Structure formats: structure tokens, C-alpha cells
Number of protein chains: 2
Amino acid sequence: MQARIDKIKQQLQSQGYKLTSQREATVRVLLENEEDHLSAEDVFMLVKDKAPEIGLATVYRTLELLSEMHVVEKMNFGDGVARYDLRTDSNKHHHHHLICIKCGSMSEIMDDWLGPLEERLEKEYRFNVLDHRLDFQGICAKCQAKESSDDKS
Amino acid sequence: MQARIDKIKQQLQSQGYKLTSQREATVRVLLENEEDHLSAEDVFMLVKDKAPEIGLATVYRTLELLSEMHVVEKMNFGDGVARYDLRTDSNKHHHHHLICIKCGSMSEIMDDWLGPLEERLEKEYRFNVLDHRLDFQGICAKCQAKESSDDKS
DNA sequence: TTAGGTGCAAATCTTTTGCAGAAAG
DNA sequence: CTTTCTGCAAAAGATTTGCACCTAA
């Protein structure tokens, strides 16, 4: 984990930015919650445990900075808040989301199904793909079960 | 065009909703701007030409309603505003977006490349897909050209 | 007639910004 | 030292909501 922080520190410094204690605490929170898709508010609450004096604005500024540096990915699931994911060491964010419109649950598929599509895109549209985002909306298995039992009542 | 409005009217009425003049004006604006991805504010300004007394809140409520009825699709490109697209008569919204991170331009691919993936999803994950959203982020042909000329300077 | 709709203004919620003081290199 | 950061509070936007008055069916 220290190795990843050092790497981020170097990235920041190469652009003239500093790795302050607040920024380090923020990065640690992201590292410790890599599986989640934290909102700025989520990150703020978690960082407060490590650095109680931190302000929400600093968290926003840090996330924005990390996003510009491509250290985190800023995402939007349409629920009114931006969510942030640390990028993996491999440079791309190869997973897709299944979002249930009934219960709001979100699960992930870790496969990347889009490799061939991206190649086609670069060829046919001359578009240099840096990242993609594939979300499916629908009804999860649990809610399908619930729906059919509701129908009976 | 009248046919599509009548159809939407029926859909609304089947759920106990009314097609008021404000709602009709809103739908007409969406029909007349099918190629764009209008924000609520955009729609509001356009609807005002037809129905000057309309309020922004009504536009939001109408778009929300139409979204729930799957008449429009609510989208989010990460620029802080929700955008709304009328769905085509075919029940799914089969196109993908290419978003340039340099200039912010957005273009569309009208093909649907995901049919087989959706089938696999229903089988492997028992997830009933109603819609999907596929966005690619990267650098458009124009900005690639600009970048390489900038490098020279 | 009456449930559903509307406009307005106020309220909410997320995110951004101005500023004076603090700290990293 | 000097440039970058930070916390705070205020501001800015987008969207939602309460309410008293309308209106489509």
C-alpha cells in the first residue's frame, strides 16, 4: 500500500503538487475502500476518522485533482452524486455495472467484454479510446422473484 | 408526429395521468429536437416559446414523469446536468456515445453492439436487462490532430 | 365533480469559490 | 521565502417540494 502512495506522491510532485497529510488521508481511504464507489460525502466521513479537522471542500478539491491526474475515476450513476474509484494499476477500468431499477442495488462484472469493440472504434471512427463505461439497467434476480410473488397477491 | 403524441397520450392515460397543454408542449419540443440531448433548462426555454406561462418546476415534473414511463431516457454525461432523450419507437435505446475529454464534443454511433452481451447477462447473472448505456471516453480525431500540432510548437 | 396538475417561491442538496491564515519544499 | 493548500462560510447551480389555485376527463 505504501508503494502505491509513493507512486501517487511522485505523480503529484511531477506536476508541482504536494502530497499533504489531508491528501494522503484521502488516498488511504480510497485504497482501503477500493471495492466501493464512494461519493465525496462518503470519503469525507471516512477521512474524518483519520484527520478530523479536514473540510469537505478539501475532499472535493483533492478528488478533483486526483481525477485530473487519472488516479481516480469520477463516475456518475445518475443518482445525483459523483462517485470516485481508484484506478487499478493496469491503466483501464475494465468492469461493467448492473443497476437494478427496482431496489437500486448495483453489482459489477469484472470481465471486460469490450476489447474488440474498442479496436473497431479506433479504426472506423478514429476515436482514441481512453476509457469506457458500460452500465446495464434492469431488474435483478432478487427483485424479479419479489415481483412474481407480488403478482400473486 | 401527431401519431406519436397520441400514443404518448394513451400511455399517460393508461396510468391515470393527463396530457395537459404544458405536457404536450414539452413533448413537442422533445420531438422537434430529437437529435439533441436537451437539459431541463434547454427544454424549459424552448417550451416557453410555445407556452410562455410554463414554470421550470413543471418541466422537471414532466420530464421525470416521462422518464418513469420510459418515454424519455434520462442521461448524465457528468457535466452536472441531466439530459433527456425521447426514446425511439423501437423500445430500446440502441446507440452509444463517444465523448471527447479534450473538447467535450459528443457523437453517436447508432449501431447496437450489445445484443449478444445482453443475452449472456440474462443467462449468467439472471439480470433482466431493460436498457443499457455505453459511453466511450477518449480523444476525438480533431483533437488528436490538434495535439500533435501542439507538440511541435 | 374531483383527482391530478400548475406556477411560484422557498427549500434542499451537491459542488464550487473567495479569502485569510497555514504549511510544504 | 514563496507557492500551494486548507478550513470556513458563503455562493452557485440543479432539482425538488409545499401550497393554494386550476383544469382535464
Side-chain angles (χ1 to χ4, degrees), chain A residues 5-6 8-27 29 37-69 71-84, chain B residues 5-6 8-27 29 37-69 71-84:
Chain A
I5 291 179
D6 288 344
I8 291 167
K9 183 174 183 176
Q10 280 186 4
Q11 279 184 71
L12 287 172
Q13 291 182 339
S14 74
Q15 308 287 316
Y17 300 119
K18 299 166 184 171
L19 183 66
T20 60
S21 62
Q22 293 94 330
R23 286 182 183 165
E24 184 172 332
T26 304
V27 171
V29 162
H37 304 284
L38 302 175
S39 68
E41 195 78 34
D42 294 338
V43 173
F44 176 56
M45 307 234 270
L46 291 166
V47 173
K48 264 191 157 169
D49 294 341
K50 297 180 194 293
E53 75 297 345
I54 200 171
L56 179 56
T58 299
V59 171
Y60 271 105
R61 284 187 280 229
T62 299
L63 291 171
E64 185 60 31
L65 176 62
L66 294 175
S67 183
E68 277 167 22
M69 318 256 331
V71 171
V72 304
E73 181 179 12
K74 186 175 182 179
M75 296 182 303
N76 209 310
F77 294 124
D79 61 348
V81 286
R83 298 182 177 279
Y84 301 84
Chain B
I5 290 179
D6 288 346
I8 291 166
K9 183 173 183 176
Q10 281 186 3
Q11 278 183 71
L12 287 172
Q13 291 183 337
S14 74
Q15 307 287 317
Y17 299 118
K18 298 165 185 171
L19 183 67
T20 60
S21 62
Q22 292 94 329
R23 286 181 182 166
E24 185 171 332
T26 303
V27 170
V29 162
H37 304 283
L38 302 175
S39 67
E41 196 79 32
D42 294 338
V43 173
F44 177 54
M45 308 234 269
L46 291 166
V47 173
K48 264 192 156 169
D49 293 341
K50 298 178 192 294
E53 76 296 345
I54 200 170
L56 179 55
T58 299
V59 171
Y60 271 105
R61 284 187 280 230
T62 299
L63 290 172
E64 185 60 32
L65 177 63
L66 294 176
S67 183
E68 276 166 25
M69 317 256 333
V71 171
V72 304
E73 181 179 12
K74 186 176 182 178
M75 297 182 301
N76 208 311
F77 294 124
D79 61 349
V81 287
R83 299 184 176 279
Y84 301 84

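Residue numbers start from 1 in every chain, and the chains themselves are labelled A, B, ... in the order their sequence lines are given, proteins ahead of strands. These numbers come from a predicted model, not from an experiment. These values consider heavy atoms only, across backbone and side chains, with no hydrogens, waters or symmetry-generated copies.
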Nearest 0.5 Å, what's the [atom1]-[atom2] distance between [X] and [Y]?
| X | Y | atom1 | atom2 | value |
| --- | --- | --- | --- | --- |
| Ile5(B) | Arg23(B) | CD1 | CZ | 14.5 Å |
| Leu65(B) | Gln15(B) | CG | CD | 9.0 Å |
| Tyr17(B) | Thr62(B) | OH | OG1 | 12.0 Å |
| Met75(A) | Leu38(A) | CE | CG | 9.0 Å |
| Thr26(A) | Leu63(A) | OG1 | CG | 6.5 Å |

### Message
Using a 4.0 Å heavy-atom cut-off, does Arg23(A) contact any base of the nucleic acid, only the sugar-phosphate backbone, or nothing at all?
### Response
sugar-phosphate
### Query
Given that Glu41(A) and Arg61(A) both sit by DNA chain C, which one's nearest nucleotide is further toward the 5' end?
Glu41(A)
### Query
Looking only at heavy atoms, which two atoms of Gln11(B) and Met69(B) are closest? And how far apart?
O-CE, 3.3 Å
### Task
For DNA chain C, find the residues of residues 49-57 of chain B with a heavy-atom distance under 4.0 Å and give them by number; none if there aren't any.
Glu53(B), Ile54(B), Gly55(B), Ala57(B)
### Query
Where along residues 11-19 of chain A does a heavy atom come under 4.0 Å from DNA chain C, residue by residue in number order?
Gln13(A), Lys18(A)
### Task
Compute the angle between the rotation axes at the two ends of the helix from dT1(C)-dA25(D) to dG25(C)-dC1(D), each taken over five pairs, rounded to 10 degrees.
40°
### Task
Kindly indicate whether the side chain of Val71(A), heavy atoms from C-beta on, has any atom under 4.5 Å from the side chain of Leu12(A).
no
### Task
Walk along DNA chain C from 5' to 3' and tell me the first and last nucleotide with an atom closer than 4.0 Å to a non-hydrogen atom of chain B.
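Listing 5' to 3', DNA chain C meets chain B from dA3(C) to dC8(C).
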Please tabulate, one pair per line, all N/O donor-acceptor pairs under 3.5 Å involving side-chain atoms of residues 40-60 of chain A, not counting sequence neighbours.
unit_1   : atom_1 : unit_2   : atom_2 : d
Asp42(A) : OD1    : Ser39(A) : OG     : 3.3
Asp42(A) : OD2    : Ser39(A) : N      : 2.9
Asp42(A) : OD2    : Ser39(A) : OG     : 3.1
Lys50(A) : NZ     : Glu32(A) : OE1    : 3.1
Lys50(A) : NZ     : Glu32(A) : OE2    : 3.1

### Query
Mind checking which nucleotides bracket the chain A contacts on DNA chain D, 5' to 3', with an atom under 4.0 Å from a heavy atom?
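The contact span of chain A on DNA chain D goes from dT3(D) to dC8(D).
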### Task
Could you tell me whether Lys9(B) and Glu24(B) make a salt bridge, using a distance below 4.0 angstrom between a side-chain N and a carboxylate O?
no
